[in-house]
Amino acid sequence: MGIKPTIFLIFILNIIACRYDNLQDYTDCAEFDIQPSVIGPLYGETEIQFKAPFINPNNDSEFVYIFYDKITEMSSLEIYNYSTGEKKVLLENDVWDVSQPNWGINNKIAFNKANQIYWISSEGSDLRQLDNDYRSCYPEWINADSTLVFTNYWLEPGNQYHGDIEHMYETSLSAEGTLIDSFTITYNGGSYGLPLGTYNNTNRLFACIQNLNGNGEFTLDLIDIKNKIIINSVQLPNVENKSICCIQWHPNGQDIFFSQWYGNLYKYNLASNTTSIVLESCDSRWYNKFSLSADGNKMVAEKVNNTFDGLTIWQTSEIVLMNSDGSGEVIILQ
C-alpha cells in the first residue's frame with residue numbers, strides 16, 4: 001500500500017524543519033571578519049533591549065529586569081513571570097543597567113538610577129533613594145538577615161602635590177533603610193576598595209575578582225566582611241583578559257559564577273580550585289549579567305546577540321532561561 005501524497009508531504013516538511021532547527025543550532029555562533037584597525041570596531045545597541053535579569057528568591061518563575069528603548073531613550077524596571085506570562089512595570093524613569101537589580105527575600109528590589117541606589121517593593125510601592133554620594137553601584141541583598149550592601153565611590157580632587165584620588169567603600173543598610181556600617185578594607189598598607197563582587201548568604205564571605213595590573217592575571221579574593229580581612233586569594237588561570245560583568249555565588253557555597261564582557265561565562269569551584277567554562281562566547285553572541293535560582297538549578301541570563309555591518313558591531317540583548325550548567329537554553333524575552 002502506497003503513502004498518501006499529503007502524508008508524504010508532511011513527512012518531508014518535518015524533515016526539512018528538523019534540519020533547519022539543527023542548522024540554527026550550528027550557526028548560533030559565528031566569527032566576524034574584522035579587519036585590523038587602530039581604533040577597532042565600533043559598538044552600538046539596536047532599538048529594543050532586555051537586560052540584567054535577577055530571579056525572585058521567593059519564586060524562581062519570576063524575575064526583575066531592565067527594559068531599554070533606544071528610540072525614546074527610556075528605560076524601565078519591570079517584572080516578568082514566565083509561567084503565567086504576566087508582565088509588570090515598576091518604574092519608568094532612567095533606570096540604569098550599569099548595576100544589576102537585586103531582589104531580596106523581603107520583596108524589596110534594589111537598583112541603580114542616575115548613579116544612586118534606590119529600592120522599590122515588588123508591588124511598585126515604597127520607592128526610596130538610599131544614598132546621595134558621588135556615585136553608588138552594585139546593590140546586593142544578603143538574604144540571611146535582609147541586609148542591603150552596595151559600593152560607594154567618590155573622587156577627591158587633586159592638588160599641587162598629588163592627582164585625583166579614588167575612594168571606594170562598602171555600605172550596609174538594614175531592611176528598614178537605616179545605616180549599619182560603612183567601611184574600606186585595608187591590607188599591606190594600602191586601600192582595598194570593594195569592586196564588583198558577590199556575598200555568600202551563609203557566611204557573608206565577599207568574593208571579588210581583581211585584575212590589578214591589566215595583564216590578564218586575574219585573582220579571586222574571598223573577604224571576611226566581619227573582620228575586614230582577605231582570607232583567601234587564588235589566581236584564575238585560562239581566563240580571558242576582559243572586564244568582569246557579573247559575579248554570583250551558587251547556593252551550594254562552593255561555586256562562584258562570573259561572566260566577562262564579550263567573553264565566556266565561567267564557574268570557579270573552591271574545593272577543587274578549578275575554573276571551567278559554563279557558556280562559551282564568540283563574535284556573534286556572549287552572556288552578560290545573570291542570576292541563579294534559590295535552589296541553584298536554574299539560571300536566567302542576558303544573552304547578547306551581535307551582528308557586524310563592516311564598521312559597527314550591533315548588540316541586541318535578550319533574556320534566556322537555562323539549567324545552571326548552561327544546558328536547555330530557551331528564550332524568555334526578546
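All residue numbers in this chain count up from 1 along the given sequence.
Of the possible polar contacts, none joining the Asn107 side chain to the Ser121 backbone as a donor-acceptor pair under 3.5 Å is found. With hydrogens and angles disregarded, a donor-acceptor distance shorter than 3.5 Å links the side chain of Ser75 to the backbone of Val95. In terms of modelled atom types and a separation under 3.5 Å, the side chain of Gln248 and the main chain of Leu292 share no donor-acceptor contact. Side-chain atoms of Asn323 never come within 3.5 Å of backbone atoms of Asp325 as a donor-acceptor pair (strictly under, hydrogens ignored).
Between Phe290 and Ser259, the closest side-chain pair of non-hydrogen atoms falls below 4.5 Å. Between Thr275 and Asn238 the shortest side-chain heavy-atom distance does not fall below 4.5 Å. For the pair Tyr65 and Val300, the minimum side-chain heavy-atom distance is 4.5 Å or more. The closest side-chain heavy-atom distance from Asn112 to Tyr138 is not below 4.5 Å. Contact of the Ile319 side chain with the Tyr80 side chain is not registered, since no non-hydrogen atoms from C-beta on lie closer than 4.5 Å. Ser99 is listed as a side-chain neighbour of Cys137, based on a closest heavy-atom distance under 4.5 Å. Counting heavy atoms from C-beta on, the side chains of Gln334 and Asn305 never come closer than 4.5 Å. Counting heavy atoms from C-beta outward, Glu329 and Lys303 have side chains that approach closer than 4.5 Å.
Looking at residues two or more places apart in sequence or on another chain, you find a ring-ring contact (aromatic ring centres under 6.0 Å, His included) between Phe32 and Phe308.
In Glu73, the CD atom is crowded: over 12 heavy atoms of neighbouring residues, nucleotides or ligands sit closer than 6.0 Å.
Put simply, CG on Asp60 and OG on Ser83 are 8.0 Å apart, with the number rounded to the nearest 0.5 Å. Interatomic distance, OG1 of Thr274 versus CG of Asp255, reported as 8.5 Å (0.5 Å rounding). Distance check: Ile117 CD1 to Asp131 CG gives 6.0 Å after rounding to the nearest 0.5 Å. Asn232 CG to Asp224 CG: the interatomic distance, rounded to the nearest 0.5 Å, is 12.0 Å. Taking CG of Asn106 as the start and OG1 of Thr147 as the end, the distance is 9.5 Å to the nearest 0.5 Å.
With Tyr266 as reference, Phe258 is the one residue of Phe257, Phe258, Tyr287 to meet the ring pair (Phe, Tyr, Trp, His ring centres under 6.0 Å) rule.
For Asp94 and Trp96, the side-chain atoms include at least one donor-acceptor pair closer than 3.5 Å. Remark: the Ser293 side chain and the Asn297 side chain contain no N/O donor-acceptor pair separated by less than 3.5 Å. Counted by atom type alone, Ser281 and Asn264 present one or more donor-acceptor pairs between their side chains at under 3.5 Å.
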Discussion item. Using side chain to side chain donor-acceptor pair (under 3.5 Å), reason through Thr46 and Thr316 one step at a time and then give a plain yes or no.
Written reply: CA-CA 6 Å; Thr46 54; Thr316 302; 2.5 Å; yes
Worksheet item: So Asn59 and Asn56, side chain to side chain donor-acceptor pair (under 3.5 Å) or not? Walk me through it.
Response: CA-CA 5 Å; Asn59 178 5; Asn56 178 355; 5.8 Å; no
Item to complete: Output, in order, the C-alpha distance, side-chain angles, deciding distance and verdict of side chain to side chain donor-acceptor pair (under 3.5 Å) for Ser76 and Glu78.
Response: CA-CA 6 Å; Ser76 56; Glu78 303 184 359; 2.7 Å; yes
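Note: Phe206 and Tyr199 meet the aromatic proximity criterion, with ring centroids under 6.0 Å apart. Checked against the 6.0 Å centroid threshold, Trp261 and Tyr43 count as a close aromatic pair. Two rings, from Phe50 and Phe67, have their centers less than 6.0 Å apart.
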